[in-house]
Every structure is written in C-alpha cells, then in structure tokens.
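In what follows, a single structure is set out as structure tokens and then discussed.
Given the structure is predicted, the values throughout are model-derived calculations rather than measurements.
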Amino acid sequence: MENHCTNGFDSCPAPTKVSVLNCIDLSSSDIQQSVSLLKQVLFSLDQTLIYTDRHAEACLDCGFFYVVNHGISEEFMGEVFAQSKRLFNLPLDEKMKLLRNEKHRGYTPVLDELLDPDNQVHGDYKEGYYTGVEVPEDDLETEKPFYGPNVWPENGVLPGWRETMEKFHREALEVARAVARIIALALDLEVDFFDKPEMLGKPIAVLRLLHYEGKISDPNKGIYGCGAHSDYGLITLLATDDITGLQICKDKDAKPQKWEYIAPLKGAFIVNLGDMLERWSNCVFKSTLHRVLGNGQERYSIAYFVEPSHDCLVECLPTCKSENNPPKFSPIKCATYLSQRYKDTHTDLSVYNQNN
C-alpha cells in the first residue's frame with residue numbers, strides 16, 4: 001500500500017526515500033488474504049521454498065507493515081495522545097516524582113535510554129512513560145520482572161489519565177492477539193497458537209508513551225531522537241502523530257546502511273516484528289533495524305510492546321526447522337531475555353539517586 005503523507009519531510013535530514021509498506025485490514029472476513037499479505041518465504045517440511053504473490057508480501061523486505069480497521073476508534077486514539085501530551089507538559093520536577101522503577105514502570109527522562117552505543121554520543125533525545133500489566137503489590141506475581149503495580153500520576157494532577165491508559169491496554173492487547181493469529185497461520189501453526197496461557201494468555205504487555213522535544217538529529221555527530229535498534233519481543237503496535245521521523249533499514253548487515261522513512265498513516269498501527277519472533281521463527285520473520293531522526297518539530301508516538309508470559313520458553317518452532325535447517329538460536333525464557341535487553345539499554349537507576 002502506498003501512502004503519500006509528506007508531513008515533516010521538508011525539514012528532515014537526508015535520506016528522504018519513503019518505504020512502501022503493505023497494509024493488513026483486520027476487519028476483513030478473509031483471514032487467508034491477510035495471511036497471504038503477511039507471508040514471506042516459508043520452508044515446507046521438504047525444504048521447498050514457498051512464495052506468496054509478490055505483490056502481497058508484507059514481510060519479505062522488512063518486519064514492518066500497517067494494520068487498519070483494528071477496532072480502536074480514532075476518537076479514542078486522539079484521547080490517548082491528548083493525555084500523553086498532558087503528562088509530558090508537566091514540569092520536569094513533577095515528572096521526576098514518577099521516575100521509572102526497577103519494574104520499568106513510570107517516567108524515563110531525556111537521554112535515559114541508549115540504544116546504539118556504537119554510533120550515539122548521548123542517549124536518545126526523547127522522554128517516555130511506561131505502564132504495564134497492573135498487578136497488586138501483595139500479589140505473588142509481583143516477584144516477576146515487568147509485573148507489579150504501575151506508577152500512576154495523581155488523579156488530581158491528571159484527571160482521567162489512568163482510566164484512559166488502562167482502556168488502551170485492554171483494546172490494544174486484542175489488536176495484538178488478532179495480529180498474532182495471522183502470524184501463526186503464516187507459520188503453518190494452529191490459528192490459536194499464540195493464544196495459549198503461557199504465551200499471550202498471560203502476556204507481558206508494556207505501553208510506552210513517547211515524546212520527542214524537537215531537537216534536530218545529526219547522524220554525522222551521533223545525535224538521534226532514537227538510536228538504531230530492533231525491538232526485543234514478539235510484536236510492537238506503534239501509533240504516531242503526523243510528524244515524520246521513523247526510519248527503517250531493511251538490510252541491517254549492509255555497509256553502508258540504507259535508511260528509508262516510514263510515512264504516518266492516519267488511523268493505522270505500524271506493526272513491527274521483534275527479535276523474539278525472529279528467534280521463534282528461525283529467521284523466517286526478521287526483526288528490522290529502525291531509528292528516529294528529529295527534524296526540529298515536537299513529535300509524539302505510542303508504542304505497545306507485546307511479549308509472551310515470563311516463563312514461556314522461546315525456542316525454534318517445529319514448522320521452522322528441519323534436518324537441513326537446524327535452529328539458529330538456543331532456547332531462552334522470555335523474562336530472562338527481556339530483562340537483559342532492558343538492562344543493556346537503560347541508565348542504571350542509581351545514577352538518579354546520586355543526583356538527588
């Protein structure tokens with residue numbers, strides 16, 4: 001699907017090529033059509049390569065595609081963005097009272113996250129806010145990483161904020177489950193493979209609000225709104241405003257790397273396949289390197305990261321391996337993998353304690 005939105009391109013640094021992404025309509029009654037849009041090269045049991053129609057390959061070139069008619073109204077998405085702006089418009093000292101904790105709940109200041117240390121001279125020029133699956137403090141589940149009570153702004157400071165974010169969590173998770181069913185069929189699995197209790201039946205689902213303050217990025221000087229990285233988990237649902245900044249690199253091993261912009265598409269989620277799905281599928285589906293370049297304009301986005309349960313063992317799927325195509329990755333528990341990835345990219349919380 002070609003999109004001609006050009007908001008923000010005039011002031012964006014080169015390159016200005018816009019990537020054309022396919023579009024999956026979740027309201028379609030023909031799920032096989034959606035599967036054919038998603039499929040890239042799959043291996044049959046005898047290692048014969050199976051290709052879908054070359055005009056309908058959302059993931060052949062990269063792990064990014066649009067999802068439309070997903071069931072979340074534009075009116076409600078507008079409310080989520082409005083509440084996000086209200087939070088980030090608070091004075092810094094108020095936001096620091098909500099500083100993220102060891103469970104990755106709460107506020108992340110500008111420069112807190114460093115995603116591409118080989119190329120960045122500082123952390124990302126963005127601020128964020130994490131919320132996750134709400135688990136009461138006295139629940140034994142709080143012992144697990146990424147589970148526990150959220151850090152909520154006081155209702156008197158941001159009335160209705162918590163209710164809006166909790167509603168978005170519920171609705172976005174249903175969108176993610178619908179996308180996961182299409183992925184399962186594309187991998188020759190049962191349609192409800194990812195619905196199992198140990199997977200998305202009890203997921204690690206993390207909502208992150210993001211705000212780019214308007215600093216101009218300069219890759220030549222190592223300054224980025226968001227450094228180059230691939231997402232860690234299963235899938236990410238990304239909603240953006242109409243300010244362009246997101247770029248992808250379809251071939252992360254290319255030298256030099258070639259970057260293309262992803263155009264915003266009103267009412268759509270940009271779906272991003274993560275590293276965990278790449279491991280699971282034995283590289284049938286590949287995660288894609290992406291980054292954000294600031295062009296001097298404020299920019300807001302909403303990322304919803306969906307992962308399986310803590311104890312889910314991520315290992316090569318039976319439909320993605322054979323004697324001639326053995327597993328490329330060792331099995332690993334979801335919580336172990338995610339915890340290490342977050343630790344590698346976020347500032348140690350002790351730094352903030354020293355500054356108090």
Side-chain angles (χ1 to χ4, degrees), residues 19 21-24 26 38 58-59 61-68 70 72 77 80-81 84 104 108 113 115-116 124 126 128-133 146 165 168-184 186 194 199-200 203-212 225-241 245-250 252 262-265 267-281 285-292 299-309 312 314 334 337-338 341-342 345-346:
S19 185
L21 301 182
N22 275 39
C23 188
I24 291 177
L26 288 188
L38 184 62
C59 296
D61 292 324
C62 68
F64 275 73
F65 53 94
Y66 298 114
V67 161
V68 297
H70 42 67
I72 302 180
M77 285 303 305
V80 179
F81 273 102
S84 174
H104 293 283
T108 56
E113 193 172 15
L115 290 164
D116 186 11
D124 292 353
K126 69 176 190 293
Y129 203 93
Y130 283 115
T131 59
V133 177
F146 306 104
M165 299 307 158
F168 182 79
H169 260 284
R170 292 192 299 271
E171 295 194 7
L173 183 56
E174 291 310 307
V175 177
R177 284 174 171 151
V179 173
R181 292 178 191 117
I182 297 170
I183 291 172
F194 292 109
M199 295 183 190
L200 298 188
I204 299 172
V206 177
L207 168 62
R208 193 178 191 194
L209 308 175
L210 294 165
H211 173 225
Y212 299 83
C226 178
H229 67 288
S230 53
D231 285 1
Y232 314 148
L234 181 62
I235 58 173
T236 303
L237 305 180
L238 179 69
T240 71
D241 59 16
L246 176 63
Q247 293 185 327
I248 63 171
C249 176
K250 292 180 178 178
K252 52 191 169 187
I262 298 294
L265 182 60
F269 278 117
I270 299 170
V271 179
N272 172 14
L273 306 182
D275 297 336
M276 200 174 296
L277 183 57
E278 180 173 308
R279 297 176 70 100
W280 234 330
S281 69
F285 285 114
K286 293 186 178 181
S287 59
T288 300
L289 206 62
H290 56 285
R291 68 186 187 185
V292 173
R299 180 177 180 271
Y300 293 86
S301 63
I302 300 165
Y304 190 69
F305 304 100
V306 182
E307 338 292 7
S309 73
C312 180
V314 180
C334 176
Y337 182 73
L338 289 177
R341 295 294 297 272
Y342 273 80
T345 54
H346 285 76

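- Ring geometry, Phe168 versus Tyr304: the interplanar angle exceeds 60°, so the pair is classed perpendicular (tilted spans 30 to 60°).
- Paired with Phe65 under the rule side-chain contact (heavy atoms from CB on, under 4.5 Å), one option of Leu273, Asn272, Ile270 passes, and it is Leu273.
- No donor-acceptor distance shorter than 3.5 angstrom exists from the side chain of Arg208 to the backbone of Gly128, with no hydrogens or angles considered.
- Side-chain contact check for Leu115 versus Glu113: some heavy-atom pair is nearer than 4.5 Å.
- When all heavy atoms of Val68 and Ala268 are compared, the closest pair comes out as CG1-CB, 3.7 Å.
- Minimum interatomic distance between Gly227 and Asp124 (heavy atoms only, all atoms of both residues): N-OD1, 3.0 Å.
- Nearest heavy atoms, Cys334 versus Ser309: CB-O, 3.3 Å.
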Handout entry: Derivation of the side-chain contact (heavy atoms from CB on, under 4.5 Å) call for Asp116 and Arg291
Key = CA-CA 9 Å; Asp116 186 11; Arg291 68 186 187 185; over 6 Å; no

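- At least one side-chain heavy atom of Leu338 sits less than 4.5 Å from a side-chain heavy atom of Met276.
- When each of Gln247, Arg299, Lys126 is paired with Val292, the side-chain contact (heavy atoms from CB on, under 4.5 Å) condition holds for Arg299 and for no other.
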Practice task
Given side-chain contact (heavy atoms from CB on, under 4.5 Å), test Leu237 with Val67 step by step and report yes or no.
Solution key: CA-CA 9 Å; Leu237 305 180; Val67 161; 5.9 Å; no

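- Note that CG of Asn22 is 9.5 Å distant from CG of Leu38, once rounded to the nearest 0.5 Å.
- Val133 and Pro203 make their closest contact through CG2-O, 3.7 Å (heavy atoms, listed as atom of the first residue, atom of the second, distance).
- Here the two rings, on Tyr130 and His346, have centers that are under 6.0 Å apart.
- Taking 4.5 Å as the limit, some side-chain heavy atom of Ser287 sits within range of a side-chain heavy atom of Lys252.
- Across all non-hydrogen atoms, the minimal contact from Cys226 to Tyr212 is CB-OH, 3.6 Å.
- Using a 4.5 Å cut-off on side-chain heavy atoms (C-beta onward), Thr345 and His229 make no contact.
- Between Leu210 atom CG and Asp241 atom CG the span is 11.0 Å, to the nearest 0.5 Å.
- Closest non-hydrogen pair, His169 versus Ala205, comes out as CE1-O, 3.6 Å.
- Atom CG of Leu207 and atom OG1 of Thr131 lie 4.0 Å apart (nearest 0.5 Å).
- With His290 contributing its side chain and Thr288 its backbone, the two residues share a donor-acceptor pair below 3.5 Å.
- A salt bridge does not link Glu307 with Arg341: every distance from a Lys NZ or Arg NE/NH1/NH2 to an Asp or Glu carboxylate oxygen is 4.0 Å or more.
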Exercise for the section: Would you check, one step at a time, whether the test side-chain contact (heavy atoms from CB on, under 4.5 Å) holds for Tyr129 with Ser84? Expected result: CA-CA 9 Å; Tyr129 203 93; Ser84 174; over 6 Å; no

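- Note: Trp280 CH2 to Asp275 CG = 13.0 Å, rounded to the nearest 0.5 Å.
- With a 4.5 Å cut-off on side-chain heavy atoms, Leu234 and Met199 do not count as touching.
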Exercise for the section: Using the side-chain contact (heavy atoms from CB on, under 4.5 Å) rule, take Lys250 and Ser19 through it: C-alpha gap first, then chi angles, then the decisive distance, then the call. Expected result: CA-CA 10 Å; Lys250 292 180 178 178; Ser19 185; 3.4 Å; yes

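- In this structure, the ring of Tyr342 has its center less than 6.0 angstrom from the ring center of Tyr232.
- Here the side chains of Ile262 and Tyr66 are in contact, with some heavy-atom distance below 4.5 Å.
- Between Phe194 atom CZ and Leu277 atom CG the span is 6.0 Å, to the nearest 0.5 Å.
- Here Phe269 contributes atom CZ and Thr240 contributes atom OG1; the two are 10.5 Å apart, rounded to the nearest 0.5 Å.
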